[in-house]
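Report on the following structure.
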Amino acid sequence: MIWLVNVTGIFLLVFIIWWFWLSLPKRVLPVGSVVDIQVLDGVYTPARIEIAKDQDVVLRFHRLDPDACAEIVRFDDLGIRLELPLNAIRDVHICIETPGEYSFSCDMNMYQGSLIVT
Amino acid sequence: MTKQFRLSISGMSCAGCVASVEKALSEVAGVIEANVNFAEHTANVSGSVSIGDLISAVKNAGYEAAELTSGEEDQLKEKESADADYYHQLMIRSFVAALLGLPLFVAGMSGWLPGLDNDVSRLFWLFIGILTSVVMIFSGRHFFIGAWKSFKNHNANMDTLIALGTGSAWVYSTLVIVFAYDFSEQARHVYYEAAVIIICLINFGSALEVRARGKTSEAIKRLIGLRPKTARVIRDGKEFDLPIEQIGLDETLRVRPGERIAVDGIVIEGYSVVDESMLTGEPVPVEKLVGDQVCAGTFNKTGSFLFQSKRIGRDTALARIIEMVRRAQGSKPAIGRLVDKIASVFVPVVLIIAVLTFIIWFNFTSNITLTLVATMTVLIIACPCALGLATPISIMVGVGKAAEFGVLIKNGDALQQAGMLDVIVLDKTGTITLGRPEVTELFALPEWSENDVLSYAASVEIGSEHTLASAMVKAAENKKIQLLPVENFHAVAGQGVQAVVDSKTILLGNRRLMQANNVSINELDEIANQKSERGKTSMFLAINNSLAGLIVVEDPVKADSLNAIRRLQNRGLKVILLTGDNKKTADAVASVLSIDEVIADVMPEEKEHKISELQKQGYIVGMVGDGINDAPALARANVGFAIGTGTDVAMETADITLMRGSLHGVANAIEISRATVKNIKQNLFGAFIYNSLGIPVAAGVLYPLIGMLLNPMIAGAAMAMSSVTVVTNANRLRLFRTSE
């Protein structure tokens with residue numbers, strides 16, 4: 001029994017490291033210049049968005065989650081912080097010159113997303 | 001900068017009207033695009049243009065327009081209503097979970113619940129299991145949905161921990177009931193009550209947090225609430241009330257006693273006393289005469305007056321203050337960025353600790369009950385929310401509090417740095433003095449009269465923007481002296497001015513200007529020295545390269561500068577006077593105000609260099625100036641304070657803007673900064689200590705020593721309260737009072 005627990009435990013440890021740090025969710029490429037992002041159930045959907053550098057993009061946040069955590073979205077690297085009213089749409093206009101990964105999150109860092117600028 | 005505007009248009013009746021309005025808007029200089037929606041009676045306009053120009057253009061075309069500012073007040077109300085709904089929803093979830101959890105808990109503790117040793121009791125527990133499932137679905141399904149969605153996104157959050165903690169309790173309990181006889185007697189334990197009580201407590205904690213968070217944005221609510229909904233407009237001789245969104249530029253408005261001013265403008269008739277404390281923090285009401293500026297949101301106390309609107313909508317000082325406070329509340333200081341990095345990996349790390357806890361406990365005890373309790377408690381007690389909230393929530397309250405005192409903080413870094421300053425460098429004119437110099441004495445050499453001296457000096461200075469110039473022009477006006485035409489005017493930075501008046505070459509300036517032009521000043525130098533020793537500024541006047549007279553100008557020190565400087569010194573700051581005045585004048589002012597050090601005879605462009613030198617000596621330097629002439633020095637300083645009178649001050653030029661022309665604002669900003677940073681540190685300390693002690697205790701590190709294993713329900717209560725504690729501690733800042 002103990003060996004079963006240990007093997008399962010080690011498998012779980014490897015899985016946690018792989019799933020949360022090494023394996024990344026699928027990137028979403030915007031169709032046109034607007035990306036619709038739904039804020040619901042503790043996540044941004046999509047949460048990983050790929051855009052080209054110097055591309056004008058509008059991130060259109062639609063908050064449907066009443067959780068207080070969801071009311072702010074912040075892009076710390078870009079100096080943007082936006083209040084998201086419940087059941088309303090808010091646009092973030094973005095045009096990034098330098099390629100890289102730019103994360104966005106709620107104030108508590110529980111909702112997490114990232115912009116991959118290529 | 002291109003902006004987007006949305007206007008509501010009234011008076012349109014056909015497609016032709018649409019074309020007229022679109023044409024009127026498109027013709028406004030700076031408009032890039034204007035689209036009118038006839039169905040909605042709205043217009044969307046983009047361009048580098050002011051809202052006032054757009055409204056005026058629509059009005060000139062024969063229609064009415066108002067900016068759709070997305071009604072900040074309505075938005076706030078909607079938010080409050082949504083928060084209230086969510087609060088009730090959470091309380092109901094909590095209550096329903098408590099209805100089942102509490103009786104189960106009490107009965108369990110009292111030994112009234114049956115064991116799992118026969119089929120009847122297993123049926124009883126099966127029934128309780130179904131009830132628990134129903135309650136968990138009703139009160140806690142959002143945790144499970146959130147956890148699953150988050151997992152699919154390769155992310156983990158609070159929901160993950162709660163769902164895993166309570167879910168594992170439910171799964172284990174259900175397995176024990178269904179396969180009771182396959183478990184050892186010792187392992188036959190049901191944890192339904194733990195699952196529902198944890199869900200109850202976390203919903204309850206979230207509800208308290210929603211309520212406490214509402215209070216953190218009170219400063220913005222207060223500022224938005226200052227804006228009246230209507231204003232009394234005079235059009236074509238008729239006086240009527242109009243929503244402020246429909247007020248255009250250069251309209252005449254009446255303000256009666258006891259009313260708030262709707263937009264920014266200039267008084268054109270009447271007299272009154274206006275309370276500006278809500279914007280500037282200045283407690284003494286300000287007299288308003290014809291020609292004076294009035295600001296939206298301020299309160300008219302006594303008289304009735306007319307004013308002309310000059311800034312409306314988002315261009316008013318009040319709107320800009322609200323915007324600046326909002327932006328600053330959203331920024332995060334350096335202290336918060338590291339914490340964010342920790343918070344972002346926190347949950348997966350807790351998951352790893354939980355798995356390790358399970359493995360270690362099972363290997364050492366083989367007791368599945370203890371193993372499960374320890375693992376569940378680790379998952380439940382961890383609270384990354386408290387860590388994530390610690391900084392932004394205090395910044396939000398601190399920046400809002402500062403705004404109440406007329407201190408506008410640009411961002412979180414400025415707020416953090418202000419409390420760390422050890423040197424404050426003060427500019428003299430307009431910073432520690434009133435910035436309204438007056439000519440107090442005139443000296444003329446025998447071949448010239450005092451009036452000649454003043455006449456030439458004032459004539460030369462009429463085109464100058466220097467603060468001393470206005471003193472001379474005003475003195476000449478008071479003496480009714482006719483000013484003469486000026487040619488070849490030339491300002492010499494840090495020295496004075498040169499021009500040709502009445503075919504004579506006039507030099508007006510300090511000792512350096514005279515020396516540079518080989519003008520002997522021996523006859524009046526002694527007097528100038530004496531005046532300098534008393535803190536007065538002397539200006540030599542030379543006509544055709546020979547000395548003609550001396551003009552003594554005095555800029556009175558602000559009444560509260562001494563007290564404010566003492567407050568700064570009492571807080572351990574070294575106060576330095578940095579001025580272009582000569583050493584004697586500067587020393588005289590410094591001795592009156594007990595200033596620690598004087599750096600005098602500094603050319604404007606050297607001020608930045610002096611700040612840089614202080615920084616090289618290891619000081620963290622704050623520079624206080626008017627925000628216009630001192631802009632480079634303010635930018636060089638670790639924290640630049642722009643000090644202004646009323647709402648005229650340029651808000652974007654400095655890290656911190658003092659709306660009130662008093663040095664007390666600097667001391668207030670530093671005190672608020674220190675209080676806020678202290679509050680952040682308390683929050684972070686609490687959150688770190690809570691997690692770094694709570695998690696090991698939950699994992700059972702004390703069990704081998706003192707036999708202590710934490711109950712998962714206590715962990716749930718602690719976790720629910722940790723976020724509430726952070727928000728409540730931040731809210732304490734709302735009670736902060738400065739030492740003024």
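Order of the sequence lines sets the chain letters (A, B, ...), proteins ahead of strands, with each chain counted from 1.
Contacts between A/Phe75 and chain B at a heavy-atom distance below 4.5 Å are absent for every atom of the residue. For a residue to count as touching a neighbouring chain, one of its non-hydrogen atoms must lie under 4.5 Å from one of that chain's; by this rule B/Ser206 does not touch chain A. Of the atoms belonging to B/Phe151, heavy atoms from both backbone and side chain fall under 4.5 Å from chain A. In this structure, chain A has heavy atoms under 4.5 Å from both the backbone and the side chain of B/Phe362. If you measure heavy-atom distances from A/Asp65 to chain B, you find no contacts under 4.5 Å at all. Residue contact with chain B, scored on non-hydrogen atoms closer than 4.5 Å, involves the side chain of A/Ile16 exclusively. Contact of A/Leu82 with chain B is not made at all, since no heavy-atom distance falls under 4.5 Å.
A heavy-atom distance below 4.5 Å is not found between the side chains of A/Val92 and A/Leu78. Counting heavy atoms from C-beta on, the side chains of A/Thr98 and A/Val117 never come closer than 4.5 Å. Using a 4.5 Å heavy-atom threshold, the side chains of B/Ser394 and B/Asn683 count as touching. The closest side-chain heavy-atom distance from A/Val39 to A/Val73 is not below 4.5 Å.
A donor-acceptor contact closer than 3.5 angstrom is absent between the side chains of B/Asn203 and B/Ser139.
The most heavy-atom pairs under 4.5 Å with chain B, out of A/Thr45, A/Ile2, A/Asp41, A/Leu12, come from A/Asp41. Of the residues considered (A/Val5, A/Thr8, A/Leu86), A/Val5 shows the highest number of contacts with chain B, using heavy-atom pairs under 4.5 Å. Between chain B and the residues A/Ser23, A/Pro85, A/Gly42, A/Pro46, the most heavy-atom pairs under 4.5 angstrom are made by A/Ser23. Per-residue counts of heavy-atom pairs under 4.5 Å with chain B were compared for A/Pro66, A/Ser103, A/Ser105; the largest is that of A/Pro66. With chain A as partner, the option from B/Ala147, B/Ala156, B/Ala82 having the largest number of non-hydrogen pairs under 4.5 angstrom is B/Ala156.
Remark: A/Glu101 engages A/Arg48 in a salt bridge, criterion side-chain N to carboxylate O under 4.0 Å.
The aromatic rings of A/Trp18 and A/Phe15 sit tilted relative to each other, their planes meeting at an angle between 30° and 60°. In this pair, A/Phe104 and A/Tyr44 present their aromatic rings tilted. The plane angle is within the 30 to 60° band.
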